[in-house]
Number of protein chains: 2
Amino acid sequence: MILNVDLSADVPIYQQIRDQVVEAIAHGALTEGSPLPPTRTLAADFGVNFHTVNKAYDLLRQEGLIRLSRGTGAVVTAAATDQVLPSDWTARARTLLAEAVARGISPDEVLRTCQTLLTSFGPAKQEDTR
Amino acid sequence: MILNVDLSADVPIYQQIRDQVVEAIAHGALTEGSPLPPTRTLAADFGVNFHTVNKAYDLLRQEGLIRLSRGTGAVVTAAATDQVLPSDWTARARTLLAEAVARGISPDEVLRTCQTLLTSFGPAKQEDTR
DNA sequence: AACTTTGTTCTATAACTAATAGAACAAAGG
DNA sequence: CCTTTGTTCTATTAGTTATAGAACAAAGTT
């Protein structure tokens with residue numbers, strides 16, 4: 001897994017780390033049981049404080065995406081088959097989609113863009129259809 | 001236009017105001033030339049400081065969605081027919097969509113949800129097809 | 001011309017967040 | 001027993017959020 005942080009971006013570092021792990025899981029680059037690097041190692045790689053990485057991992061644990069344990073480290077948990085989108089996700093999506101439409105992009109093109117993004121991390125996940 | 005702010009939400013007040021204006025524009029509830037309430041009026045309605053509303057309006061101006069002038073107030077500008085989604089929008093969309101997929105929601109269902117949201121503010125905008 | 005409306009700019013303050021720093025502790029594993 | 005790795009604690013610096021009050025500048029109204 002390749003992670004990058006942009007120290008001068010306006011997105012908080014811990015959020016960038018969290019987002020990239022989420023995307024790696026969506027892509028299938030990280031699957032159930034995949035280990036994440038130790039906080040101190042990742043922090044050293046990025047040249048940031050390990051507390052910052054810790055915060056990202058803590059977020060991911062709260063979201064149920066990884067499991068943390070001492071000595072062992074962080075591993076990705078099973079995709080919980082939530083089946084249901086949390087209401088706050090829908091609210092954030094509404095805002096984001098509205099932003100594009102408000103700028104004059106046609107709903108059709110917005111939807112096509114979403115589809116392209118979704119298929120970009122779709123194929124790796126061959127759904128078990130038994 | 002009906003705006004609401006939740007003072008106890010974890011989303012900043014100025015961001016909530018900005019988001020709701022964006023959604024109103026996307027819905028067509030606000031169109032080119034529609035006036036927004038004066039900052040002090042809106043602030044009084046919400047029970048917040050007028051500097052907070054000011055910040056939201058300033059954001060909307062930076063995004064090119066409204067025009068501000070003294071004495072006259074804030075009015076919605078023409079949908080600029082950008083035609084192109086800014087790259088940072090795509091990045092935010094990627095993160096949001098990945099979040100759903102990482103939680104085990106199927107890409108198909110995510111796309112359907114996006115489509116539903118988009119059509120919810122689509123119909124008001126009868127595109128001029130001459 | 002005088003007055004009102006409305007955005008703009010300035011300083012200031014309190015509470016919270018982001019990031020860094022260092023230290024010590026606790027459990028898993030070799 | 002030692003190393004690895006997450007957990008918790010205190011502390012500091014810089015930036016953000018929201019409030020507060022004052023003054024100014026331009027547009028519109030009377």
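Convention: sequence-line order gives letters A, B, ...; per-chain numbering from 1.
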Inset, instruction - Quickly work out the B:Leu7 CG to D:dT17 P distance and round it to whole Å. - result: 16 Å

Inset, instruction - For D:dT5, take OP1 and OP2 only and decide whether either is under 4.0 Å from a side-chain N or O of A:Thr39. - result: no

Inset, instruction - Check the distance between C:dA19's C1' and A:Leu59's CG and give it to me in whole angstrom. - result: 15 Å

Legend entry - Rounded distance (Å) that lies between atom C1' of D:dA14 and atom CD1 of A:Ile13: 13 Å

Legend entry - Proximity to the side chain of A:Tyr57 - top-ranked nucleotide from D:dG6, C:dT6, D:dT7: D:dG6

Inset, instruction - May I ask you to test the B:Val76-B:Leu65 pair for a side-chain heavy-atom distance under 4.5 Å? - result: no

Inset, instruction - Write down the distance between CG (A:Asn54) and P (D:dT10), rounded to a whole number of angstrom. - result: 16 Å

Legend entry - Minimum-distance nucleotide (side-chain atoms of B:Pro12 versus D:dG6, D:dT17, C:dT20): D:dT17

Inset, instruction - Can you check each nucleotide of nucleotides 22-30 of chain C against protein heavy atoms at under 4.0 Å and return B for base, S for sugar-phosphate only, - for none, in 5' to 3' order? - result: BB--BBSS-

Inset, instruction - Would you sort out whether B:Arg61 and B:Asp58 count as a salt bridge (Lys or Arg N to Asp or Glu O under 4.0 Å), showing the intermediate values? - result: CA-CA 5 Å; B:Arg61 188 192 49 185; B:Asp58 203 52; 2.5 Å; yes

Inset, instruction - Test B:Ser106 against B:Asp108 for side-chain hydrogen bond (donor to acceptor under 3.5 Å, both in side chains), laying out the working first. - result: CA-CA 5 Å; B:Ser106 79; B:Asp108 277 7; 5.6 Å; no

Legend entry - 5' precedence on DNA chain C between B:Ala74 and A:Val11 (nearest-nucleotide basis): B:Ala74

I'd like a table of donor-acceptor pairs (distance under 3.5 Å, sequence neighbours excluded) in which one partner is a side-chain atom from residues 33-48 of chain B, with atom names and distances.
from, atom 1, to, atom 2, distance (Å)
B:Ser34, OG, B:Thr31, N, 2.9
B:Ser34, OG, B:Thr31, O, 2.9

Inset, instruction - Describe the nucleic acid contact of A:Arg61 in one word from base, sugar-phosphate, nothing, applying a heavy-atom distance below 4.0 Å. - result: sugar-phosphate

Legend entry - Nearest-angstrom distance from the residue atom CG of A:Leu68 to C1' of D:dT5: 10 Å

Legend entry - Rounded distance (Å) that lies between atom P of C:dA19 and atom CG of A:Leu42: 14 Å

Inset, instruction - Could you check how far NZ of B:Lys55 sits from P of C:dT9, rounded to whole Å? - result: 15 Å

Legend entry - Trace of the side-chain hydrogen bond (donor to acceptor under 3.5 Å, both in side chains) decision for A:Thr95 with B:Glu23: CA-CA 6 Å; A:Thr95 301; B:Glu23 288 181 34; 3.0 Å; yes

Legend entry - Atom-pair distance (CG on A:Asp58; C1' on D:dT8), nearest Å: 11 Å

Inset, instruction - Search all heavy atoms of B:His27 against all heavy atoms of B:Ser120 and return the closest pair with its distance. - result: CD2-O, 3.6 Å

Legend entry - B:Arg94 and B:Glu99: CA distance, side-chain angles, deciding distance, salt bridge (Lys or Arg N to Asp or Glu O under 4.0 Å) verdict: CA-CA 8 Å; B:Arg94 179 174 11 256; B:Glu99 187 175 322; over 6 Å; no

Legend entry - Residue A:Thr52, side-chain heavy atoms: nucleotide from C:dT8, C:dT6, C:dT20 that is nearest: C:dT20

